[in-house]
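Working notes, beginning with the structure itself.
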Amino acid sequence: MNDLVDVSLQVNGVRYDVAIRPWRTLLEVLRETLGMTGTKRSCGEGQCGTCSVLIDGEVVNACLYLAIEAQGKEIETIEGRPEGEPVLQQIQRSFAEKGAVQCGFCTPGMVIATKALLGDNPQPSEDEIREALVGHLCRCTGYVQIVEAIQDAASRLARERLR
Amino acid sequence: MTYLRRLPKFEYVGPRTLTEVCSLISGGAPDDAMLLAGGTDAILQMRRRERVPRRVIGLKGVAELDFVREQADGGLSIGAMTTLHSLLSAPAIRQRYAILHETAAQIGGPELRNIATIGGNIAGALPCADLPPALMTLDAQIKLSSHRGERWMPLRDFFPEFGRTVAQDDELLSEIKLPRPAPYSAGTYLKFHDRQSMDMTVVGVGAFVVLDDDGRTVRELRLAYANGAPTVFRAMKAEAVLCGQLFGEKVLDAVAEAACSESSPRTSWRANAGYRLSLIRALTKRAIRRSWQSASSQKGTK
Amino acid sequence: MSAEIRHEFQVIGKPTPKKDAPLKAAGRAEFADDINMAGMLHGKLLRSPHPHARILSIDASRAAALPGVRAVITGKDFPGVRYGNLPRTRDYLPLAIDTVRYIGEEVAAVAAIDEDTAEEALDLVQVEYEVLPAVFDPEEAMKPGAPQLHAPAPGNISAHTESEFGNVEAAFAEAAYIREDMFETHAVKQGMLEPHACVGVWDSFGKATLWSCKMSPYTVWRQLAMGLDMKPGDIRVVQTYVGGGFSGGKQEAMPMDFCALMLSKKTGRPVKFVHTMEEVLTIGHLRHPMKIWLRTGTTKDGRIVAQHCKLLANGGAYSSIGGFSIFLAGAMLNLPYRVPNMRFESNRVYTNNGFCGALRGHTVVQMCFARDSQLELIAADLGIDPLEIRHRNAIQEGDVTANGFRIGTFAFDECIKRVAEMSGWHEKRGKLPKYRGIGFGCGAHLSGARLMGHSASAAEIRMLEDGTVHLTTGSTDVGQGVETVMSMIAAEVLGIEVDDVTYLKVDSAATPLDPGTFGSRVTLFTGNAVKQAAEEVCRQLAEIAGERMGVDPQDLIFRRREIVNHKDEKQRVSLKEIVRWGMFQQGKVISGRGTYGASEEKIDFRTGQGNLSPAYNPTACAVEVEVDPETGRVTMVGLWGADDSGTPLNPLAVKGQVIGAAVMSIGHALWENLIRIDGKVMNPSLRDYKMPQATDLPKLANFEHSNVITWEPEGPFGAKEAGQGAGTGVVAAIANAIHDATGVRLTRLPFTPESILAGIEELKEKEAVTES
């Protein structure tokens, strides 16, 4: 059963027509077929959050999602839109400046989760931030600087909006 | 040793309607075709080669199975493909079925809740699943659909033994219905696990209390357990101990002892049976106490 | 000339974001699994299902015939030379040849066109085993008649150390108070999120190159040469970004590394291996589970006069760095308290489990758990305040410990005081509501160790014609911030911006030979080397500038990308101009080298006598917990820590390091436990190997760390280690807090809700008996 299936995926606003095997996860197709390696693979079972992407604006584990089921949906990854995304970039800047990045392996997933969080809840409390990070492991930071970075991104984005 | 592998080869079908799903599974043997709801368990079962289906029937595209609908009789109807995230976002659930909201919020994190579905959590038939005990305390009914038609049954009769349901191979869990909540009623689900989040349940206790119009006497108590036995179950003997009684610590002890004797938790590397029983004893009382307080505080507000 | 003559630093001491953070946050940092090469094949390893077995035969013909499979190899494809860390403990093979000693040991490897095919091929490799009796418990393994794992290690003794300082017998005879306790620790993992991964290329000239996420590429390089029986010069190891290290498999050559190269040799293609998390959790590289028997004698007022420790470490199937692990355990018992007389005996025992080695904090964490738990018991017995007993025994600057550690800066008393203030200790201890508790724990760490073999760091700085520099060392950034702090040191000396320094990743073909990243050595060892290299560049530049400016080179200082005459600051010229003048007009190559060996003192690893590190870092912390008395579950309410890391060079990175270390210890104490039953790992997944999540930890307001700032003369710009010490006292602090909350004294890790509830119930029964 080697049957390739033609699939059309909309990733970061760009349409990709690819022939894939139906048993490929979205993570495998992003990394191996489309060469988008910013989304990481680690635990393979939805526990670590390194493979988080947005599907129609909702954050999901790409390792638990069949690529074939992501057809017709808007997929967003850490690479972002080619023309640049101010919100994503602000989150990335806050992570870098606040010391939230150490080894950086969890960072893309954390940044994506933050984008989803701030989309739903632009001014989250500390508890809400921590809740939003459940399902994301970071072994380096102990999360303190990650929480601080998300607070920083939220307040900077709020100031941007006021302007 | 076996390890977590890439997915096995399979053919994928993505039906758009319930009728299509029913016809796809109308003649299938269980291992030949596999229904894929959210996939948070099913994908892993395939990666561990616990299941190697020839054909995967993906349900994410069946829009008619994704709904939360208030019923004319005051009840609530939930489609099987409703994600835990959608459960949490439904105002009707937050306001009128708080125990269900509370339970869904304790499962996984945002990523998993955006994929995992209520139907998958039930149909997986795992003793550690959290939604089934909460739903059992709400007296949920479930609908099984097949090409032959549909049938309704109480959720509490759905799990005959470990890892199994009474659904036939050609049947699909399609809908969950909750009756209208009684006045002076409230419930809570206490999930015990090691960390604050993401863990598999060691023991889960759902309690739902309905008070008489006096707001003090317990008219009805429903108790259901995750990981208290090889399946999720209702502890009906323990429930009976409190029925018609005034709430009090002494009778609570009796309920908890009865719940323990109805339970048969297992010893595993995760926890010893004795410890699980201690949890059942403590959390049964705690859950009833909290539910009772919440239900009795409704007095005068109605 | 040197940076010290300036009173204020331009770069050092300022919170500086990690240089590679923007790249990583954008998902553009290339980790080993992100590498894709033309024609690349994918490798997978076949693992033993038996804890102990003889391999009778391996038939790979069916696997090799599977379409898409390019090669299958077994242990016989390698020269059969054992490799390892210490000369007397070389017991690793790239793949097992005749015996497997734990479940998960590698016996064959496949390269195929994709991972799916490689996995399928593993099913077709037929291995005939003769199952041998296995032993999992170290005490059983030492008994006569127990299954023997390695012929050269009778009684399964993998390593043994014994040392005595002072006169222990006499001191115990005079002690006013003596107690002994047994503590048990468990198997835990590094838990880095990036699974081990590598790409191997064997080129047509017979040279082998490995791209891999290694913390210590040169250690890997050396071990690859051993196991492949090749000249080191024919092997090249190139570091990729490292997605978390914490020692373990990223510290050593692993079977996947050898197999990537050998399969590339067989196929002529690049071969990539990536472990699944399940493999990572199965193979070993665990923290040593230990039984620690500790006997301590004190005076009436709680001053320690003698300690006797017997330690039994479950080493698992292979040596790894285990010989050093138990040595270090004994050596570090000498810190941070004064112990004038000490006896230490330890055995590391082979068993049919995954093997144990180094993990953040190494064996210091276990010893601190035992010692600081016992100290609390002693304080209670003698009616001394828990902080007072620590102050009374605290090592002071200038001390020489019984085993010969020469203590430089060591602001331990101040650490204790500061934690007491931050945590509100005096307001809380004994005054919190029932089942709320606060506990104290202390520890210490070293700033790199003098080791047998190569332990010197080196650095090279090449000046580029635009006034920027390339900096190379043998130390890797594993997330801790080496690329930034080394760049800061170079920038400070050269008077340039941190961004003017490009810190290159380690490549054994291009960067200086250096043991790499481990043992908290980099800031001090490599930092000193970088400083020296930068000073050499300054000397060269000053010579050119002096000539061009007509100024004595001794009067020139470097700042803000300029060279300035400090006697007449109007005389200044841009650095870039001087560089170009020197290069273009004088034909010079401007580059500097530095080394730091800390070689002036030696350690006698047989007796344990000697000064192990150039500098030592004391640490203290307080933990507040709440315990649910009906379930035994612990909630972390607060953690306050202080340590003397010398002068923090990059406070932003130091904060991340110390909090990260503390949180790892919280996980190890409360939730993490790699459970093996009959040698089989029961929980090889991140669902069941439970590392702390963001919701498991104290809130920001109750999670603080403070640096007690000292100026360590041995360190570059006064710095010492920061990444490990802060985790050493946490486990005991949690044990002590749980005791304060519940009265339950836990001496066995991890502190599960089940064990705590059992303790609470036992206490209740005792109370009931007393009352009746």
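Everything quoted here is computed from the prediction, not taken from an experiment. Letters A, B, ... mirror the listed sequences (proteins, then strands); counts begin at 1.
The pair B:Arg6-A:Glu32 meets the salt-bridge criterion, since a charged nitrogen lies less than 4.0 angstrom from a carboxylate oxygen. A salt bridge between A:Glu45 and B:Arg48 is present, with a side-chain N of the basic residue lying under 4.0 Å from a carboxylate O of the acidic one.
For residues 77-104 of chain A, a heavy-atom distance under 4.5 Å to chain B picks out no residue at all.
Side chain of B:Asn114 to backbone of A:Val60: no donor-acceptor contact under 3.5 angstrom is found.
Heavy-atom neighbours of A:Arg161 CZ from other residues, nucleotides or ligands within 6.0 Å: above the threshold of 12. Other residues, nucleotides and ligands contribute more than 12 heavy atoms inside 6.0 Å of the CZ atom of B:Arg195. For B:Arg49, the CZ atom is densely surrounded, since the number of other residues' heavy atoms within 6.0 Å is greater than 12.
Residues B:Met198 and A:Gln47 have side chains in contact (heavy-atom distance under 4.5 Å, counting atoms from C-beta outward). Annotation: side chain of A:Leu66 is in contact with side chain of B:Phe10 (closest heavy-atom distance under 4.5 Å). The shortest side-chain heavy-atom distance between B:Tyr12 and A:Val5 does not fall under the 4.5 Å cut-off.
Residue A:Glu131 comes nearest to B:Pro110 through the heavy atom pair O-CD, 3.8 Å, listed as atom of the first residue, atom of the second, then distance. Here the closest non-hydrogen pair linking B:Leu7 and A:Trp23 is CD1-O, 3.1 Å. Shortest non-hydrogen contact noted between B:Glu111 and A:Ala113 is OE2-CB, 4.1 Å.
No part of A:Arg130 comes within reach of chain B, as not one of its non-hydrogen atoms sits under 4.5 angstrom from that chain. Interface residue A:Cys43: only backbone heavy atoms are found under 4.5 Å from chain B.
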### Query
Stepwise, does the side chain to side chain contact (heavy atoms under 4.5 Å, CB included) test hold for A:Val134 with B:Leu112?
CA-CA 10 Å; A:Val134 164; B:Leu112 290 175; over 6 Å; no
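Atom OG1 of residue B:Thr40 and atom CG of residue A:Asn61 lie 9.0 Å apart, to the nearest 0.5 angstrom. Separation of atoms SG (A:Cys63) and CG (B:Leu44) is listed at 7.5 Å; rounding is to 0.5 Å.
Heavy-atom pairs under 4.5 Å with chain A were tallied for B:Gln196, B:His85, B:Arg113; the largest tally goes to B:His85.
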